[in-house]
Protein chains: 2
Amino acid sequence: MRYPAAETAEKHQRILDEASRLFRERGFAGVSVGEIMKATGLTHGPFYNHFASKQALMAEGIRHASEKTLTDLRAVPGTGEGRSAYVARYLSADHRDAPGQGCLMAALACEISREPEVKRSFTLHLKTYIDTFTRHFPWPRKQDARGDAIRMLSSMVGALILARAVDDDVLADEILREVKSKLG
Amino acid sequence: MRYPAAETAEKHQRILDEASRLFRERGFAGVSVGEIMKATGLTHGPFYNHFASKQALMAEGIRHASEKTLTDLRAVPGTGEGRSAYVARYLSADHRDAPGQGCLMAALACEISREPEVKRSFTLHLKTYIDTFTRHFPWPRKQDARGDAIRMLSSMVGALILARAVDDDVLADEILREVKSKLG
DNA sequence: CACCATACATGATGCCTGTCATGTATTCAA
DNA sequence: TTGAATACATGACAGGCATCATGTATGGTG
């Protein structure tokens, strides 16, 4: 290689960082390859030295965000209180207003369903996420822990998506508060 | 007017029909104005005789789909059984596989949050939908009927979105089934 | 019957986008 | 020290897009 391998690998990671942030903020179609490269301090040219296509970057971006999401989840105390805090943060106004740093399911799930390559990458994420969520926290109804986890996740994702889609802070807050009140 | 007013109005409705279907199937960015016009049997030219811009069509398309959604909801029997049937249909594989005819929240909410004009239109829909949903069905916990309705909606929307984003029918079915089992 | 308003088709324009071609500079390996 | 491989910048290209311009045909109105 002609450029320092370490720096190249770091640039690769920066592209993934910026891509997964920008995609979550504006959607796949709302961000161009050139914009992502510019955000990492490069020009649009060397993109194809790093990724085969924009769709490949989307799939890799999902995997990248997934790893961070799972790391964060595993760092939460595996107790009832830990779960309550996790849910409360998930359903907070801060999270609602920072999609670029937040849950990739809530930010991109609708668009993911239309991109086959990305869909495969996301499926792996969701499987791991459900498994981790189920095993990491205690569940009163032990015989149906996984079912309870799935229901909790569905509520969280749905509530966050609806709260973000609404132009009225009162309604958005109400949705987050009501769902939080029965999950926290 | 030079063309029969009735036919023109009917074409206007057809544009809205096709637009709201195609948008739900492929997302706002995934459908072009020309494609929508072609789907109605017209060419791309007269689009701007009917709508001020693509964004205006998106907002109108939301309103159009909202009216149909609310009409359908009000036609369901206002009983516990009616609600169960409604939820079961919402969380069915048929609904999952037919986004073009289905819930506009599940199909477009993620993208709506990024389009201010559309967001305003959607806010009106969600307010009306929550109100209708709350008032139309009986709720055991009368003092918190609205909260229960919001929680139920969040679960339904989240589950459907996740089920659609997944490339694995077993997992998708599991999500729908688990959420249905505690709501139906 | 004549006129005017307007919804239509065709076509053009300018912009943005994903992708590829080319030349260059540099670092690692020999 | 030299050569070769490669990540970079610049630039080009073709396609698609929203939007607008123009001409035309038509039906309701006077």
Student: Answer yes when A/Glu178 and A/Lys182 have at least one side-chain N-carboxylate O distance shorter than 4.0 Å, and no when they do not.
Tutor: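 No, this pair does not count.
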Student: Once you round it to whole Å, what is the distance between P of D/dA18 and CD1 of B/Ile15?
Tutor: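 Those two atoms, CD1 and P, are 14 Å apart.
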Student: Tell me yes or no: between the side chains of B/Ser155 and B/Arg151, is some donor less than 3.5 Å from an acceptor?
Tutor: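 No pair is found: no donor N or O on one side chain lies under 3.5 Å from an acceptor on the other.
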Student: Parallel, tilted or perpendicular: which fits the ring planes of A/Phe137 and A/Phe133, with parallel below 30° and perpendicular above 60°?
Tutor: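 Plane angle over 60°, so perpendicular.
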Student: So which of residues 55-62 of chain B are in contact with DNA chain D, with a heavy-atom cut-off of under 4.0 Å?
Tutor: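 Of all residues in residues 55-62 of chain B, none places a heavy atom under 4.0 Å from DNA chain D.
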Student: Given the rule that I, L, V, M, F, W and Y join up when any side-chain heavy atoms are under 4.5 Å apart, are A/Tyr48 and A/Met37 in one cluster?
Tutor: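 Yes, same cluster.
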Student: Where each residue is assigned the nucleotide of DNA chain C containing its nearest heavy atom, which of A/Ala52 and A/Gly30 is assigned the position nearer the 5′ end?
Tutor: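 Looking at the nearest nucleotide for each, A/Gly30 comes out on the 5' side.
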Student: For residues B/Ser181 and B/Arg177, is any side-chain donor paired with an opposing acceptor at under 3.5 Å?
Tutor: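 There is no such pair between these side chains.
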Student: Thinking salt bridges, do A/Glu18 and A/Arg21 make one under a 4.0 Å N-O criterion?
Tutor: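 Yes, A/Glu18 and A/Arg21 are salt-bridged.
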Student: Starting from P on D/dT26, measure out to NZ on B/Lys11 and report it in whole angstrom.
Tutor: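 Distance check: B/Lys11 NZ to D/dT26 P gives 12 Å.
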Student: Is the closest basic N to carboxylate O distance between A/Arg63 and A/Glu67 below 4.0 Å?
Tutor: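 Looking at A/Arg63 and A/Glu67, the cut-off is not met.
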Student: Looking at residues 41-50 of chain B, who's got a heavy atom less than 4.0 Å off DNA chain D?
Tutor: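 Residues of residues 41-50 of chain B under 4.0 Å from DNA chain D: B/His44, B/Tyr48.
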Student: Looking at B/Asp131 and B/Lys127, is any side-chain nitrogen of the basic one under 4.0 Å from a carboxylate oxygen of the acidic one?
Tutor: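 The answer is no: the pair does not qualify as a salt bridge.
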Student: If you round to the nearest 0.5 Å, how far is CG of B/Leu160 from CD1 of B/Ile175?
Tutor: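 Nearest 0.5 Å value for the CD1-CG distance: 10.5 Å.
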Student: Should we count CG of B/Leu124 as having more than 12 external heavy atoms under 6.0 Å?
Tutor: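 No, because the 6.0 Å sphere around CG of B/Leu124 holds 12 heavy atoms or fewer from other groups.
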Student: Looking at DNA chain D, which of residues 31-38 of chain A put a heavy atom within less than 4.0 Å of it?
Tutor: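 Output list: empty, so none.
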